[in-house]
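When reading the values below, keep in mind they use all heavy atoms of this one structure, side chains included, and skip hydrogens, waters and symmetry mates. Each chain gets a letter, A, B and so on, in the order the sequences are listed, and its residues count up from 1.
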Amino acid sequence: MNHSAQHAGHIRIRYALQRGAFGLDVDAKLAMRGITGIFGPSGAGKTTLLRCIAGLERPQSGVLAVEDSVWQDSDNGIDLPPHKRDIGYVFQEPRLFSHLNVRHNLEYGLKRNKSRPSFEFDQIIDLLGLAGLLDRQPERLSGGEAQRVGIGRALLRSPRFILMDEPVAALDAARKDEVLPFIERLHASLDVPVLYVSHNIDEICLLCDQLLVMDAGESLAHGDLQSVLTQTDLPVLAGDEAGSVIQATSASYDSEYGLSEVAVSAGSLWVPGKYDPAAILRLRLRANDVSLCRERATQSSILNTLSATIERIQQESEYSVLVHLRAGSDRLISRVTRRSAAELNLVPDEKIIMQIKSVSVRHA
Amino acid sequence: MEASNGLGPLYLSIQLAAITTVVLLMLSMPLAWWLANTKSPLKPAIQAIVALPIVLPPTVLGFYLLILLGPYGAVGSWWVEVTGDALTFSFLGLVIASCFYSLPFAVQPLQSAFESLGKQPLEAARTLGASPIDAFVSVAVPLSAPGFLTAIVLSFAHTLGEFGVVLMVGGNIPGKTRVISIAIFDHVESLNYSAAHRLSALLLAFAFIALLAMFLINRRLTRQ
């Protein structure tokens, strides 16, 4: 296989597919580590992309190279069938085999895996909390349990990486919580890369390390979550949910008020809840929750302020702008009215104070 | 030779039905799978041909098979050349004729079972490392169990009850082609009503039990 050095540690994807009015045009090189979010609105082609990677869909022309192995290369007539591609696929609906109990569902891919297994059966059972479910038939599982079995079944296949197609989109909020924490655990304790499709930016911010943005069948941007997320010139990343994700380290806990002080690159913030000392956290700051002022307010209900440098000001609408800021090594976004921007006389490279109204916190 | 207790035709019928069912399943599985998944413009024509035995009088089917399988027919003459035996008025000829006659009763339940399966479980199997044939055997077949059961019982029962086709292609040779329906007809012709009663009652009971078993098992399978 040629160019092996170039592909090492990456998934190289180049696809072109035309089906009626819908076209897929993706060109990306994704790092084989952590969770890579594939984000975009409904109909952006995210699922089609995953299906192409799995070999379930046949693009007219395409290249797919996983590290040093070429799975698909239409110019050279290479196109591995789905069962020869070492992937695990977690579908939106769990697609468990109804004629097999949970144990046999989990063993289905395990038995067909010819290479050395990456995980022990018991390890996956523990990690996904499946011990009590093994003898059940799939129809006697809750939606969240069934999806966990689906994830376990894909992992036990010992894949090079896992494709997850909106695995919690069909679940209600309570059932989502039966699945998402397990995906976080999987991320923390297993060394298996995941491509995670979602149209929910909160899910992406919670889980992902890298991000591929798609719209209308095209890949628009890809790279580290933090840097791609702030590319609000892309319409799909603007809107109410626009914001950024930064990393923090938990420092101390104030039991009187139930707040934890966490260190970020530009200082420290107070966040609700108690965290283990030195725990690495992930903070999500929405542009709508960040306001700007010239001087630190001496009396304000807002607890968290950080000083920052204005990087650029992006015209967003007739009445609002998005101000891109750098605080320490982190990039943040603030949404202010055009009028406020004028009155504060905001210009690039100037220092400014950020007031942060609300932060959502997750374990990184 | 026909058994002395007069049950020879019953055994022959059961033997014919069992062999026909096995052969039909082997032929129908790939055909039904193809029909369930194809987008070919030929599909309606193939479906119509498969369904023909349902609407044609058995004598019409039997007549054409007699011509085809007879010593001067396209298939029959070749068979005589290869083996020295005629296909018509032989047990093998009956098996071939029965396969045509019962074809829709095997293909249609399998086809609808495969169609209701959808592609989802099979895609899941493929992504878990199953080749197309492996996925078919380990996922499509067990998930289509009710369809298989219906196909088996209907092909068996329908072959057991055939008369017209057998009469045309097989004739009435004791121990070879004298199946139960022909024997009953003979007994009635010769006014031996007690023998006719005995065979008829046996066939009736057998058919009822087979169908009852099918519906009971099907209910259990679909409840699961």
Less than 4.5 Å apart, side chain to side chain, heavy atoms only: is that true for Arg126(B) and Tyr89(A)? no
Check whether any side-chain heavy atom of Arg112(A) lies under 4.5 Å from a side-chain heavy atom of Ser138(B), and answer yes or no. yes
Rounded to the nearest 0.5 Å, how far apart are [atom1] of [X] and [atom2] of [Y]?
X: Gln92(A); Y: Gln120(B); atom1: CD; atom2: CD; answer: 10.0 Å
X: Ile162(A); Y: Thr127(B); atom1: CD1; atom2: OG1; answer: 10.0 Å
X: Glu107(A); Y: Leu128(B); atom1: CD; atom2: CG; answer: 12.5 Å

Greater than 12 external heavy atoms within 6.0 Å of [X]'s [atom1]:
X: Asp191(A); atom1: CG; value: no
X: Arg185(A); atom1: CZ; value: yes
X: Phe22(A); atom1: CZ; value: yes
X: Phe182(A); atom1: CZ; value: yes
X: Ile133(B); atom1: CD1; value: no
X: Phe63(B); atom1: CZ; value: no
X: Phe121(A); atom1: CZ; value: yes

Answer with side chain, backbone, both or neither: which region of Ala125(B) has an atom nearer than 4.5 Å to a non-hydrogen atom of chain A? both
Work out which heavy atom in [X] is nearest to a heavy atom in [Y]; give both atom names and the distance.
X: Phe97(A); Y: Pro121(B); result: CE2-O, 3.3 Å
X: Leu143(B); Y: His99(A); result: CD2-ND1, 3.4 Å
X: His83(A); Y: Gly129(B); result: CB-C, 3.5 Å

Side chain / backbone / both / neither for Arg51(A) at chain B, heavy atoms under 4.5 Å: side chain
So which residue, Glu93(A), Lys84(A), Lys114(A), ends up with the most heavy-atom pairs under 4.5 Å with chain B? Glu93(A)
